[in-house]
Amino acid sequence: MNMEFKRKMPTPQAVKEMYPITPELAERKKATDIALRKIFTGEDDRLLLVIGPCSADREDSVLDYISRLRRVQEKVEDKILIVPRVYTNKPRTTGDGYKGMLHQPDPNSSPDMLRGLIAIRKMHMKVLAETGFSCADEMLYPENHHYLSDMLSYVAVGARSVENQLHRLTASGLDLPVGMKNPTSGDLSVMMNSITAAQHPHTFVYSNWEVQSKGNPLAHAILRGSSNKYGRTIPNYHYEDIKLLCELYAKSGLKNPAVVIDTNHSNSGKQWNEQPRIAKEILHSTRHSDDILHLVKGLMIESYIEDGNQKPDGGVYGKSITDACLGWDKTERLIYELADLR
């Protein structure tokens, strides 16, 4: 084998015992879980906002950002439920570049997965303790989910992972909403097949155990746009795109039809400053079709303290070192505008 086995990692149970959450924090997470379930089953018509940095690159600025979200949440809680993005693993198209805090707790130092694992658990715990938010993270590595499972309320499966069997089967065993993104090709049948797999029970191998999943009725679609063979981005957030998804759901027999729409990535052509316009257009579409109104459960927005992005060694506090994000002032204004439109 052309690899070096550096060290055996501690089990999720061992890490949870080293860094346990309190009963009070567990109750906070449970409250968010219940609220989210009601949104995806249609019992609560508030708009879900999965919002935050492209990648959670440093604890201090992430906590600062999410503390600001808490103040806004209190003002819009009758219209919007905020679930912060605290994405600690970053998929890379070519495999190169910063892969998130799990890999590099210090973006400018060498990878250290053990330090990273502890750093991301402590960060999620601080967010929950200091702001009351249980958050969203991307399931880049399915077997790592249980290191954070007692603190997460929402999970996304990325465009490059959505066809992977283990991602689908793991999603089928989670008791929380799991969003399945359309693949980078834009083929919606791949996404729908992934949701179908996640909603069904399965027997499979997970962390060296034979496990039986029960199926996840809260697995749902995320539209994030696509790109063609020439590299041109193709959005799929328009009225006609959402109507098509309504039709696919109507034929599918899936439980709790739902979509969360990503306003960045290929939907914006990675033009971060287009996100407010896109978000408002989506809510405009919900006013012209009851089917769309009932299907669209939320938006996914990439936002941080400062506009844009920088290189990992850029040194600007609160500015993304991966995809460019909407800055705080524009974000705060947008959330209030979305609450008014809702």
Peer 1: Hey, what do you get for CG (D175) to CZ (R37), rounding to the nearest 0.5 Å?
Peer 2: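 D175 CG to R37 CZ: 5.0 Å, rounded to 0.5 Å.
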Peer 1: Counting heavy atoms not belonging to R7, are there more than 12 under 6.0 Å from its CZ?
Peer 2: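 Yes, enclosed.
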Peer 1: Can you confirm whether L102 sits close enough to L117 that some side-chain heavy atom of one is under 4.5 Å from a side-chain heavy atom of the other?
Peer 2: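 Side chain of L102 against side chain of L117, heavy atoms only: contact under 4.5 Å found.
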Peer 1: In terms of hydrophobic clusters joined by side-chain contacts under 4.5 Å, are V260 and V162 together?
Peer 2: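 V260 does not cluster with V162.
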Peer 1: Let me confirm one number: the CG-NZ distance from L47 to K79, rounded to the nearest 0.5 Å.
Peer 2: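 With rounding to 0.5 Å, CG (L47) is 10.5 Å from NZ (K79).
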Peer 1: What pair of heavy atoms forms the shortest contact from G158 to E138, and how long is it?
Peer 2: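 Smallest interatomic distance, heavy atoms only, reads CA-OE2, 3.4 Å.
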Peer 1: Show your reasoning for whether ring-ring contact (aromatic ring centres under 6.0 Å, His included) applies to F40 and H220.
Peer 2: CA-CA 9 Å; F40 281 97; H220 60 276; 4.3 Å; yes
Peer 1: For Y154 and T32, which I'm curious about, is there any donor-acceptor pair between the side chains at under 3.5 Å?
Peer 2: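 No, no side-chain donor-acceptor pair sits under 3.5 Å.
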Peer 1: Answer yes when E247 and K243 have at least one side-chain N-carboxylate O distance shorter than 4.0 Å, and no when they do not.
Peer 2: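 Between K243 and E247 there is no salt bridge, as every charged N stays at least 4.0 Å from the carboxylate O atoms.
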Peer 1: Cluster question for you: counting only ILVMFWY and a side-chain heavy-atom cut-off of under 4.5 Å, with indirect links fine, are L223 and I51 together?
Peer 2: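 As far as the 4.5 Å side-chain criterion goes, I51 and L223 are connected within one cluster.
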Peer 1: Nearest 0.5 Å please: distance from the CZ atom of R342 over to the CZ atom of R46.
Peer 2: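 That separation rounds to 11.0 Å.
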Peer 1: Does some side-chain heavy atom of Y317 sit less than 4.5 Å from a side-chain heavy atom of D64?
Peer 2: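 Side-chain contact under 4.5 Å: yes.
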Peer 1: Assess whether atom NZ of K126 is packed by more than 12 heavy atoms of other residues, nucleotides or ligands within 6.0 Å.
Peer 2: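 Counting neighbours around NZ of K126, 12 or fewer heavy atoms of other residues, nucleotides or ligands fall under 6.0 Å, so no.
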Peer 1: Indicate whether any N or O donor in one side chain lies under 3.5 Å from an N or O acceptor in the other, for S213 and S172.
Peer 2: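 Side-chain D/A pair, S213 to S172: present.
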Peer 1: Show the numbers, then the answer: is there a side chain to side chain contact (heavy atoms under 4.5 Å, CB included) between H145 and L152?
Peer 2: CA-CA 9 Å; H145 172 77; L152 295 180; 4.1 Å; yes
Peer 1: Any sub-3.5 Å donor-acceptor pair from E302's side-chain atoms to N264's backbone N or O?
Peer 2: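 Here the side-chain-to-backbone pair does not exist.
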Peer 1: Taking E130 for the side chain and L63 for the main chain, is one N or O donor matched with an acceptor at less than 3.5 Å?
Peer 2: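 Pair absent, no side-chain N/O of E130 close to backbone of L63.
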Peer 1: So, are R28 and E24 salt-bridged, with charged N and O less than 4.0 Å apart?
Peer 2: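 Yes, charged N to carboxylate O under 4.0 Å.
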Peer 1: Take M123 and M101 through the side chain to side chain contact (heavy atoms under 4.5 Å, CB included) test and state the conclusion after the steps.
Peer 2: CA-CA 10 Å; M123 179 168 61; M101 188 178 284; 3.6 Å; yes
Peer 1: Return yes if a side-chain donor-acceptor contact under 3.5 Å exists between Q13 and T11, otherwise no.
Peer 2: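 Q13 vs T11: no donor-acceptor pair found between side chains.
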Peer 1: Regarding S303 and Y65, do their side chains bring together a donor and an acceptor under 3.5 Å, going by distance alone?
Peer 2: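 Yes, a side-chain donor-acceptor pair sits under 3.5 Å.
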Peer 1: Report the distance from atom OG1 of T322 to atom OH of Y304, rounding to the nearest 0.5 Å.
Peer 2: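 OH of Y304 is found 9.0 Å from OG1 of T322.
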Peer 1: Would you say H124 and C135 make side-chain contact, with heavy atoms under 4.5 Å?
Peer 2: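 Yes. Closest side-chain heavy atoms under 4.5 Å.
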Peer 1: Any donor and acceptor pair, going by atom type alone, linking the side chain of Q275 with main-chain N or O of S268 inside 3.5 Å?
Peer 2: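 No, the answer is negative, given that no donor and acceptor are paired below the 3.5 Å cut-off.
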Peer 1: Under the 3.5 angstrom rule, does the side chain of N89 hit a backbone N or O of K99 as a donor-acceptor pair?
Peer 2: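 Side chain of N89 to backbone of K99, a donor-acceptor pair under 3.5 Å: no, none is there.
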Peer 1: Passes side chain to side chain contact (heavy atoms under 4.5 Å, CB included), L254 versus T196? Steps please.
Peer 2: CA-CA 7 Å; L254 289 165; T196 301; 3.6 Å; yes
Peer 1: For the NE2 atom on H200, are there more than 12 heavy atoms of other groups (residues, nucleotides or ligands in this structure) within a distance under 6.0 Å?
Peer 2: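 Open: at most 12 neighbouring heavy atoms sit under 6.0 Å from NE2 of H200.
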Peer 1: Is there a donor in the side chain of S289 and an acceptor in the side chain of D291, or the other way round, less than 3.5 Å apart?
Peer 2: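 No.
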Peer 1: Could you give me the CA-CA distance, side-chain angles and deciding distance for K297 and D44, then say whether salt bridge (charged side-chain N to carboxylate O under 4.0 Å, His left out) is met?
Peer 2: CA-CA 10 Å; K297 302 300 184 184; D44 186 339; over 6 Å; no
Peer 1: Check this for me: E210, atom CD, are more than 12 non-hydrogen atoms of other residues, nucleotides or ligands nearer than 6.0 Å?
Peer 2: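 Check fails, neighbour count at 12 or below.
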Peer 1: Can you find a heavy atom in the side chain of K181 that is under 4.5 Å from one in the side chain of V157?
Peer 2: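 Heavy-atom side-chain distance check fails, nothing below 4.5 Å.
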Peer 1: Spell out, as yes or no, whether a donor-acceptor pair under 3.5 Å connects the side chain of H294 to the backbone of G42.
Peer 2: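 Not at all, since once roles are kept as given, no pair shorter than 3.5 Å links the two residues.
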Peer 1: Donor-acceptor pair, distance only, cut-off 3.5 Å: does the side chain of N236 make one with the backbone of G225?
Peer 2: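 Yes, N236 side chain to G225 backbone: donor-acceptor pair under 3.5 Å.
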Peer 1: Do V72 and T331 touch side chain to side chain, with heavy atoms closer than 4.5 Å?
Peer 2: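 No, side chains not in contact.
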Peer 1: If hydrophobic clusters are built from ILVMFWY residues whose side chains come within less than 4.5 Å, do I242 and I222 share one?
Peer 2: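 They do not share one cluster, since no chain of ILVMFWY contacts under 4.5 Å joins I242 to I222.
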Peer 1: The test is ring-ring contact (aromatic ring centres under 6.0 Å, His included); show your working for Y206 and H146 and say whether it passes.
Peer 2: CA-CA 11 Å; Y206 185 86; H146 279 279; 5.8 Å; yes
Peer 1: Under the side chain to side chain contact (heavy atoms under 4.5 Å, CB included) test against T88, which residue among V62, L140, D137 passes?
Peer 2: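 Checked V62, L140, D137 against T88; only one passes side chain to side chain contact (heavy atoms under 4.5 Å, CB included): D137.
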Peer 1: Kindly indicate whether the side chain of S266, heavy atoms from C-beta on, has any atom under 4.5 Å from the side chain of R224.
Peer 2: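 Heavy-atom side-chain distance check passes, below 4.5 Å.
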Peer 1: Could you check whether any side-chain N or O of D241 sits under 3.5 Å from a backbone N or O of H238, counting only pairs where one atom can act as donor and the other as acceptor?
Peer 2: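 Looks like yes, one N/O pair under 3.5 Å.
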Peer 1: Going by atom types alone, do S153 and D33 pair a side-chain donor with an acceptor below 3.5 Å?
Peer 2: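 Side chains of S153 and D33: pair found under 3.5 Å.
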Peer 1: For F133, does the six-membered ring have the charged nitrogen or CZ of R70 within the cation-pi criterion, i.e. under 6.0 angstrom from the centroid and within 45° of the normal?
Peer 2: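 Yes, R70 and F133 form such a contact.
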Peer 1: Indicate the atoms forming the closest heavy-atom contact of P235 with Y237, along with that distance.
Peer 2: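 Looking at all heavy atoms of both residues, the shortest contact is CB-CE2, 3.5 Å.
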Peer 1: Any link between V296 and V178 through a network of hydrophobic side chains (Ile, Leu, Val, Met, Phe, Trp, Tyr) touching at under 4.5 Å?
Peer 2: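 Yes: a chain of side-chain contacts under 4.5 Å links V296 to V178.
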Peer 1: Under the 3.5 angstrom rule, does the side chain of N144 hit a backbone N or O of M139 as a donor-acceptor pair?
Peer 2: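 It does not hold such a pair.
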Peer 1: Between L174 and L218, is a side chain to side chain contact (heavy atoms under 4.5 Å, CB included) present by the stated rule, with each step listed?
Peer 2: CA-CA 9 Å; L174 303 189; L218 303 182; over 6 Å; no
Peer 1: Does the pair D323/K270 count as a salt bridge with the N-to-O cut at 4.0 Å?
Peer 2: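 Result for this pair is yes, salt bridge flagged.
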Peer 1: What's the spacing between K38 NZ and D45 CG if we round to 0.5 Å?
Peer 2: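 It is 12.5 Å, given to the nearest 0.5 Å.
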Peer 1: Going by an N to O cut-off under 4.0 Å, is there a salt bridge joining R121 and D150?
Peer 2: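 Judged by the 4.0 Å cut-off on N to carboxylate O distance, R121 and D150 do form a salt bridge.
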Peer 1: Closer than 3.5 angstrom, by distance alone: can the side chain of R85 be matched with the main-chain N or O of P53 as a donor-acceptor pair?
Peer 2: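 Checked: pair present.
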Peer 1: Hey, mind stepping through S55 and D57 against side chain to side chain donor-acceptor pair (under 3.5 Å) and telling me if it holds?
Peer 2: CA-CA 6 Å; S55 58; D57 52 1; 5.3 Å; no
Peer 1: Measure the shortest side-chain to side-chain distance between C246 and Y249 over non-hydrogen atoms and say whether it is less than 4.5 angstrom.
Peer 2: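 A side-chain contact is absent here, since even the closest heavy-atom pair is not under 4.5 Å.
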Peer 1: Side-chain heavy atoms nearer than 4.5 Å, only ILVMFWY residues, links allowed to pass through others: does that put I82 and I261 together?
Peer 2: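 Yes, same cluster.
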Peer 1: Taking the side chain as every heavy atom from C-beta outward, state whether N273 and K330 have any atom pair closer than 4.5 Å.
Peer 2: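 A side-chain contact is absent here, since even the closest heavy-atom pair is not under 4.5 Å.
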Peer 1: Got a donor-acceptor contact below 3.5 angstrom from the E306 side chain to the G318 backbone?
Peer 2: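 A pair under 3.5 Å: no.
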Peer 1: Calculate, to the nearest 0.5 Å, the distance between atoms CD1 and CG belonging to I292 and L283 respectively.
Peer 2: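 Rounded to the nearest 0.5 Å, the CD1-CG separation comes to 11.5 Å.
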Peer 1: Indicate yes or no: does D340 engage K280 in a salt bridge with an N to O separation below 4.0 Å.
Peer 2: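 Looking at K280 together with D340, the answer is no, because their closest N to O distance does not fall below 4.0 Å.
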Peer 1: For the residue pair A339 and V76, what are the closest heavy atoms and their distance?
Peer 2: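 Where A339 meets V76 most closely, the heavy atoms are CB-CG1, 3.8 Å.
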